[in-house]
Enquirer: 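There's a structure below that I have some questions on.
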Amino acid sequence: MHDIRLLRDQMDHLREGMRRRGKLEELAPVLNRAEFLEKERRDAIRVAEEAQARRNKLSQEVAQRRRNGENADDLVAESRKIGDELTALEEKRAAVEAEVQQILMELPNLTLDEVPAGGEEANTILRTWGTPRAGDSGIAPHWEVGERLGMIDLPRGAKISGSGFIVYRGAGAKLVRALMNFMIDVHTEEHGYEELWVPLLVNRATLTGTGQLPKFEDDMYAIADDDLFLIPTAEVPVTNLYRDEILDAGELPRSFVAFSACFRREAGSAGKDTRGLLRVHEFDKVELVRYATPESSRDELEVLTAHAEKMLQLLELPYRVLRLAAGDTGFSSAMTYDLEVFAPGVGKWLEVSSCSVFTDFQARRANIRYRTAPGEKPRFVHTLNGSALAFSRIIAALFEHHQQSDGTITVPAALRRYLGRDTLG
RNA sequence: GGCGUGGUGGCAGAGUGGUUGAAUGCACCGGUCUUGAAAACCGGCGGACCCGAAAGGGUCUCGUGAGUUCGAAUCUCACCCGCGCCGCCA
């Protein structure tokens with residue numbers, strides 16, 4: 001969420017930000033409305049507070065007179081009149097505030113200056129690591145390998161839950177467990193992250209904090225009876241860990257790693273990547289989250305991204321790093337790098353990580369602050385997160401990139417001790 | 001799920017309708033003292049918002065939201081959360 005003060009003195013900045021995301025046309029009327037409402041809001045506050053101040057004074061005089069045994073009926077009558085005024089003023093203030101708040105909650109974050117304007121076509125490849133295998137060299141797609149080797153069972157996943165739900169079995173199931181331990185171990189032991197294990201069901205306040213609500217309710221699985229939602233990513237519970245708290249400057253930066261299942265309805269994506277493991281409703285992921293100061297957050301994005309890249313290097317999977325253009329950058333993010341790994345069986349680059357800095361956008365929503373020094377005013381922290389990594393697509397890439405001509409799969413060295421073998425199949 | 005009980009500032013803990021944003025203690029910050037530190041003493045010390053160039057002034061905030069009242073931390077109702085016991089349960 002943006003600072004409401006932007007509506008007073010930085011409307012141009014706000015409009016420019018929306019333009020870079022390609023949303024100005026859509027949002028211009030909303031921005032104008034918000035600018036007007038913010039003026040109304042402050043006006044209503046001022047008038048109401050003046051009335052309240054008058055009433056408070058009268059109440060004290062009433063108390064004073066009563067103590068002296070004097071009559072105060074006239075003051076009481078006047079005070080009551082102010083009370084009626086206040087009720088009306090409050091109503092107006094609440095209505096205006098609710099509307100401006102609603103608008104503010106649904107405006108995407110401003111991207112950093114270095115983020116190019118434009119949509120997906122304006123994304124740029126920053127660097128590539130490793131050598132992708134040719135996509136036409138007879139490499140079987142991961143679902144064929146997985147089924148042939150008895151490691152994934154898509155028909156039964158569909159039977160149990162529906163399409164887009166996977167059953168891993170045998171060495172495939174163990175691979176999931178191995179990936180989890182491997183990734184968490186590297187991040188805790190080599191990158192200094194604190195390990196967390198978090199709830200998969202969260203409440204509305206939590207989802208509002210990270211930006212999924214109110215705008216993206218339809219993208220999530222909901223438990224209506226309890227007003228809870230299945231998390232789309234561990235970012236949600238982890239970032240909200242310190243919601244409504246004030247940290248000491250000495251505690252920053254803080255970094256957390258958490259494994260979780262992730263649930264996505266993928267509303268509106270019917271027909272895309274329907275085969276195999278590429279786009280599913282439930283997948284597993286190891287997520288990194290960092291809390292940083294505003295001064296360091298930009299640099300921390302590089303650190304975070306390097307940590308995610310490290311995992312791909314250890315898994316010996318060729319990948320490329322994309323700088324997303326403003327229009328392709330997520331709602332809450334100010335700048336995002338996507339990591340894409342090449343899967344030669346399907347001949348596609350697969351997004352396996354998205355590393356973002358959110359500036360104070362999430363922190364303001366979630367009210368996560370820190371104090372630079374004792375006695376100083378609290379400031380909002382900056383939050384970052386990135387997948388490191390998303391399992392199902394990584395498994396697809398492992399099955400395809402490390403596929404041998406005899407149909408077996410070579411296990412990357414770093415993963416062998418977790419899996420207990422160096423070949424699958 | 002049932003019954004009971006409780007939610008006050010960073011923590012502990014007073015306060016049951018009127019100068020209470022809130023005693024007191026601890027913690028924290030500044031100062032005096034000290035070679036230095038500790039102790040002692042003095043002072044300060046929640047957050048959000050509005051007006052203002054600033055100085056400063058004002059409003060809100062005692063789990064959340066409604067209500068009673070001229071006036072609510074204090075009274076009423078609903079909800080949320082904690083704790084205890086019972087029930088159920090991986």
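Hydrogens, waters and symmetry mates are skipped; everything else that's a heavy atom, side chains included, is used. First the proteins, then the strands, lettered A, B, ... as listed; each starts at 1. Small disclaimer: the values here were computed from a predicted structure and weren't measured.
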Enquirer: In whole Å, I'd like the distance from the CD1 atom of A/I45 to the P atom of B/A48.
Expert: 15 Å

Enquirer: Pairing check on B/C49: which nucleotide meets the Watson-Crick or G-U wobble criteria with it, both distances under 3.5 Å?
Expert: B/G58

Enquirer: Rounding to an integer number of Å, can you tell me how far A/E90 CD sits from B/G65 P?
Expert: 12 Å

Enquirer: Nearest 0.5 Å please: distance from the CZ atom of A/R254 over to the CG atom of A/L247.
Expert: 7.0 Å

Enquirer: In whole angstroms, how far is the C1' atom of B/U61 from the CD atom of A/Q52?
Expert: 12 Å

Enquirer: Could you give the distance separating B/U8 and B/U74 at their C1' atoms, to the nearest angstrom?
Expert: 11 Å

Enquirer: Of all the nucleotides listed (B/G58, B/C51, B/A48), which has the minimum atom distance to the side chain of A/R8?
Expert: B/C51

Enquirer: Can you list, pair by pair, the side-chain donor-acceptor contacts under 3.5 Å of residues 409-425 of chain A, counting residues two or more places apart and other chains?
Expert:
residue: A/T410; atom: OG1; partner: A/Q404; partner atom: NE2; Å: 2.9
residue: A/R416; atom: NE; partner: A/V411; partner atom: O; Å: 2.7
residue: A/R416; atom: NH2; partner: A/V411; partner atom: O; Å: 2.8
residue: A/Y418; atom: OH; partner: A/D185; partner atom: OD2; Å: 2.7
residue: A/R421; atom: NE; partner: A/T423; partner atom: O; Å: 3.0

Enquirer: In the structure shown, which nucleotide is the Watson-Crick or G-U wobble counterpart of B/G82, with both distances under 3.5 Å?
Expert: B/U5

Enquirer: Using purine N1 to pyrimidine N3 plus N6-O4 or O6-N4 for Watson-Crick, or N1-O2 and O6-N3 for G-U wobble, both under 3.5 Å, which nucleotide pairs with B/U16?
Expert: none

Enquirer: Which whole number of Å gives the distance between the C1' atom of B/C33 and that of B/C41?
Expert: 9 Å

Enquirer: If you check every side-chain atom of A/S59, which of B/A48, B/U59, B/G18 has the closest atom?
Expert: B/G18

Enquirer: Return yes when atom CG of A/D113 has more than 12 non-hydrogen atoms of other residues, nucleotides or ligands closer than 6.0 Å, and no otherwise.
Expert: no

Enquirer: Who is the Watson-Crick or G-U wobble partner of B/U34, with both distances under 3.5 Å?
Expert: none

Enquirer: At their closest point, which heavy atom of A/I246 faces which heavy atom of A/R371, and how far apart are they?
Expert: CD1-NH2, 3.8 Å

Enquirer: Which is more 5' along RNA chain B, the nucleotide nearest A/L75 or the one nearest A/P378? Just name the residue.
Expert: A/P378

Enquirer: Can you tell me how far C1' in B/A14 sits from the matching atom in B/U68, rounded to whole Å?
Expert: 27 Å

Enquirer: Quick check for you: among B/C70, B/G58, B/G47, whose closest atom lies nearest to any side-chain atom of A/A53?
Expert: B/G58

Enquirer: How close do A/A171 and A/M151 get, counting heavy atoms only, and between which atoms?
Expert: CB-SD, 3.7 Å

Enquirer: Taking atom C1' in both B/C45 and B/G9, what distance in whole Å separates the two?
Expert: 11 Å

Enquirer: Check the distance between B/G63's C1' and A/R243's CZ and give it to me in whole angstrom.
Expert: 14 Å

Enquirer: Does B/C70 have its OP1 or OP2 closer than 4.0 Å to a side-chain nitrogen or oxygen of A/K81?
Expert: no

Enquirer: B/G21 pairs with which nucleotide, Watson-Crick or G-U wobble, both distances below 3.5 Å?
Expert: none

Enquirer: In whole Å, I'd like the distance from the CG atom of A/D3 to the P atom of B/C49.
Expert: 8 Å

Enquirer: Applying a 4.0 Å non-hydrogen cut-off, can you work out what A/L58 is touching in the nucleic acid: base, sugar-phosphate, or nothing?
Expert: nothing

Enquirer: Does a side-chain N or O from A/R46 land closer than 4.0 Å to OP1 or OP2 of B/C50, or not?
Expert: no

Enquirer: Hunt down the Watson-Crick or G-U wobble partner of B/A90, both distances under 3.5 Å, from any strand shown, or write none.
Expert: none

Enquirer: Would you please confirm or rule out a distance under 4.0 Å between OP1 or OP2 of B/U59 and any side-chain N or O of A/R55?
Expert: no

Enquirer: Please confirm whether the shortest side-chain N or O distance from A/R41 to OP1 or OP2 of B/C50 is below 4.0 Å.
Expert: yes

Enquirer: For B/U76, give the paired nucleotide (Watson-Crick: N1-N3 plus N6-O4 or O6-N4; G-U: N1-O2 and O6-N3; both under 3.5 Å), or none.
Expert: B/A66

Enquirer: Answer yes or no: does atom NZ of A/K159 have more than 12 heavy-atom neighbours from other residues, nucleotides or ligands under 6.0 Å?
Expert: no

Enquirer: Give a yes/no answer on whether the side chain of A/N56 brings an N or O atom under 4.0 Å of OP1 or OP2 in B/U59.
Expert: yes

Enquirer: Ignoring hydrogens and angles, does a donor from either the side chain of A/Q60 or the base of B/G18 sit under 3.5 Å from an acceptor on the other?
Expert: no

Enquirer: Could you tell me how far apart A/K377 (NZ) and B/C49 (C1') are, to the nearest whole angstrom?
Expert: 10 Å

Enquirer: Suppose you measure atom C1' in B/G1 against the same atom in B/C88; what distance do you get, rounded to whole Å?
Expert: 8 Å

Enquirer: How long is the line joining NZ of A/K39 and P of B/C51, in whole Å?
Expert: 13 Å

Enquirer: Taking only the C1' atom of each, what is the distance from B/A22 to B/A72 in whole angstrom?
Expert: 13 Å

Enquirer: Is A/R33 salt-bridged to A/E38, going by a charged N under 4.0 Å from an acidic O?
Expert: no

Enquirer: I'd like the P distance from B/G7 over to B/G63, given in whole Å.
Expert: 8 Å

Enquirer: Does a side-chain N or O from A/R369 land closer than 4.0 Å to OP1 or OP2 of B/A48, or not?
Expert: yes

Enquirer: Can you tell me the distance, in whole Å, between the CZ atom of A/R371 and the P atom of B/G9?
Expert: 14 Å

Enquirer: Work out how far the C1' atom of B/A27 is from that of B/G44, and round it to whole angstrom.
Expert: 14 Å

Enquirer: Identify which one of A/Y370, A/F380, A/Y291 satisfies the ring pair (Phe, Tyr, Trp, His ring centres under 6.0 Å) criterion when paired with A/Y242.
Expert: A/Y291

